[in-house]
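These numbers come from the heavy atoms of this one structure, side chains and all, not from hydrogens, waters or symmetry mates. In the text below, chain A, chain B and the rest are named by the order of the sequence lines, each starting its count at 1. Predicted, not measured: the structure shown is a model, and the values here were computed from it.
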Amino acid sequence: MDKILRVRMSSKPEYSVEEVGDYAGIGGRALTSKVIFTEVPPLCHPLGPENKLVIAPGLMSGSAAAISGRLSVGCKSPLTGTIKESNAGGQAAQVLARIGYAAIILEGESPEGKLYTLVVKKDSVEIVPADDIKGLNNYAAVEKLVAKYGDKCAYMSIGTAGERKMANSSIAVTDMELRPTRHCGRGGVGAVMASKGIKALVLDDAGCSVRKPVNDEAFKAANKEFIAGIKKHAVSGQGLPAYGTNVLSNVINEAGGFPTNNFTKGQFDKVHNISGETQAETETSRGGLATHGCHRGCVIQCSGTYVDKEGNYVTKQPEYETVWAHGANCGIDDLDAIARMDRMDDDFGLDTIEMGATIGVAMEAGLCEFGDVEGAIKLVQEVGDGTPLGRILGSGAAVTAKTFGIERAPVVKGQAMPAYDPRPIQGIGVTYATTPMGADHTAGYAIATNILKVGGFVDPLKPQGQIELSRNLQIATAAIDSTGMCLFIAFPILDQPETFNAFVDLINAFHGLSLTADDVTALGKNILTWEREFNKRAGFTKEHDRLPMYFKRERLAPHDAIFDVTDEELDQVFNW
Amino acid sequence: MKFIGKEESGSLILTMELQKGVLVPCLEGETVTAFILRVLNLSREQMEKEVQTLILNNGCVDEPEVRQLITGDTLVLSGAMPGLVGAMLRSNSPIKAMRTTISETSSGRDESVPEGMIRLKLFNTVLTDHKRDLVNCGFYIDEEGR
Ligand code: SF4
């Protein structure tokens, strides 16, 4: 991973291969955010030629390190107007890293209507017209690409939502079965790829081998210990493989933080019909898979395969966020309908969180009733068809709320909140409000702070605990996002110090480094500083680090809670 | 109310019922910990390892050894949960400061439950691993739930 591929799109697309230069030694989110901070004018239009789309595997991707295949995509977001890093699994990160690229940077713009496929191999790069797949959705496009380029490549593509430059469009990444089921979903990155005139990327690592560590013996030993730690932990070794992330539905609902009917209630009375437990049992009884990885080398395998009553493939196992967004948030308790909408989102190229939140807003606006399955499916289809209503819905929850005169838009900086209500769970509200990405739960997902001592030890019993925790969690997450490791490694790391040591040893042995926890902190802080500085120059102030006012006014049952963290407290999050 | 005991074998129905909540007798003055050890047939060490998330009447329980159960309580037993929120919901989580608003609610207590019983819900790994223990112990379900 010692080179960068720059592709300059214009009426005559061209490319160059460069040394990594100033970007050496970083990967994933660190790299995407540093490039955007350094090279993109913050005031540019997200769909203009000055914006760039950066595709970067993590520092450990392409190696034999377990769970190292996460991909980061960065740009200025058309949904939020802020800097964006959107993260996905699938095969692309491993393949791209093995070909040797630390990043692909797409620049410029293509003449309107012109779309290309970028084919990247070990010794060649081609930019070929994409007339054969233009106008196709992801499943059909990938099928054609596989027929042409073979089943050994990884593919990235945009569906028709991306081609129409919708602010809620994603970039699909193929999984191990060559299905476009893993998505860089958040922030409208698909529209930016479309604005560059790229419909798809073909990544072919034929002739390349697994990246070799600097210290082979130490690497093997650390990897073994790391995998053992992951497998013996209750979350990563049992709960996630058995039920996937949807294992959360029942528990979050019980705690009163499961947003229902567009965030008007904290509990869904039919949750047991869509829970991870019911989902896993439904999948296995029909011949699907409840335990499956999103890329090769994942030893947790929180994903699965959802099949219909006849046992035919429908989609990958819908994740917790999807089951919530298309389920409880819309009053829907039908797993088959949720799976169908997940499939439609993947096919059109849409972020499931944003789409489900948007339908929730549309239901409140009266476009259909909460719980109306066919009505919800019809609304997603409108987006796929690109009708005028579909274009509004495809612009996300904030635009839809504005269009229909609805105050209750559950968004921060224009991006929809995920599946945790910030009133009973105030700490997550702090992260939603202050992350540079717009409302995002994964921004503060890594929970290893007190073990890592990242950002200093926090006394959780102090009243200020949640501010400090949110800060430290965001720092730790930014750092993990740059390794290409899945954030679910945070659990064994939190609980098992020997697994944390194995994780650090793994990175050090691979790169011949001697990283310490302080270095991890410094990296996380650097990433957040670049991101916040970019946003500041793009016109964002501390007044944008707020939840919508109704979360401070409307009480949520059963805890009768409002979000009462003060603005002054929120402003302390990045006060380091 | 219908009694479910050792002879019950319907796996899918049980999975649904146990998620929705079943009625289980509790002893006078019994603590959350004592109840779990008795009903799920666990040792203290096993309980700490297997039942990491405890929710009582919609609130997290950080002192299960102290909190006594009373008629109508709704108790949820779950394994360790993923995600930031999952981690903060664990009993005595190091980041429990992030969920200070989640405390027991009166709506979480079920007024319709007969004297001497609580409503028990089992989720995820606890459900899979201890479904049989609970059946062996015996419990009641609401008839209309069947
Ligand atoms: S744990 Fe889940 S999300 Fe993470 S890499 Fe594995 S399958 Fe993908």
Non-hydrogen side-chain atoms of A:Ile252 and B:Leu89 separated by less than 4.5 Å: yes

Sub-4.5 Å side-chain heavy-atom contact between B:Met81 and A:Val235: no

Starting at [atom1] of [X], measure out to [atom2] of [Y] and round the result to the nearest 0.5 Å.
X       : Y        : atom1 : atom2 : result
B:Leu56 : A:Glu254 : CG    : CD    : 10.0 Å
B:Lys20 : A:Asn273 : NZ    : CG    : 7.5 Å
B:Met16 : A:Thr278 : CE    : OG1   : 4.0 Å

Under 3.5 Å: donor-acceptor pair, side chain of A:His272, backbone of B:Gly21: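 No; judged by distance alone, with no hydrogens or angles, the pair does not exist.
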
Any donor-acceptor N/O pair, A:Glu277 side chain to B:Asn124 backbone, under 3.5 Å: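 Looks like yes, one N/O pair under 3.5 Å.
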
Worked verdict on A:Glu281 versus B:Thr15 for side chain to side chain donor-acceptor pair (under 3.5 Å): CA-CA 9 Å; A:Glu281 200 146 329; B:Thr15 300; 3.3 Å; yes

Contact leader toward chain B among A:Ala234, A:Pro558, A:Ser275, where contacts are heavy-atom pairs under 4.5 Å: A:Pro558

Per-residue contact mode, A:Ala255 against chain B (heavy atom under 4.5 angstrom):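 Both parts, heavy atoms under 4.5 Å.
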
Heavy-atom pair with the smallest gap, counting every atom of B:Pro82 and A:Leu248: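 Taking every non-hydrogen atom into account, O-CD2, 3.4 Å.
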
Test log, rule side chain to side chain contact (heavy atoms under 4.5 Å, CB included), inputs B:Gln19 and A:Val271: CA-CA 9 Å; B:Gln19 289 180 71; A:Val271 65; over 6 Å; no

Worked check of side chain to side chain contact (heavy atoms under 4.5 Å, CB included) between B:Phe123 and A:Val247: CA-CA 8 Å; B:Phe123 294 160; A:Val247 69; over 6 Å; no

A:Lys552 NZ: over 12 foreign heavy atoms closer than 6.0 Å: yes

Residues of residues 63-78 of chain B with any heavy atom under 4.5 Å of a heavy atom in chain A: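 Within residues 63-78 of chain B, the residues that come under 4.5 Å of chain A (heavy atoms only) are B:Thr74, B:Val76, B:Ser78.
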
Interface residues of residues 30-43 of chain B facing chain A - heavy atom cut-off under 4.5 Å: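 When heavy atoms of chain A are the reference, residues 30-43 of chain B contributes no residue within the under-4.5 Å range.
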
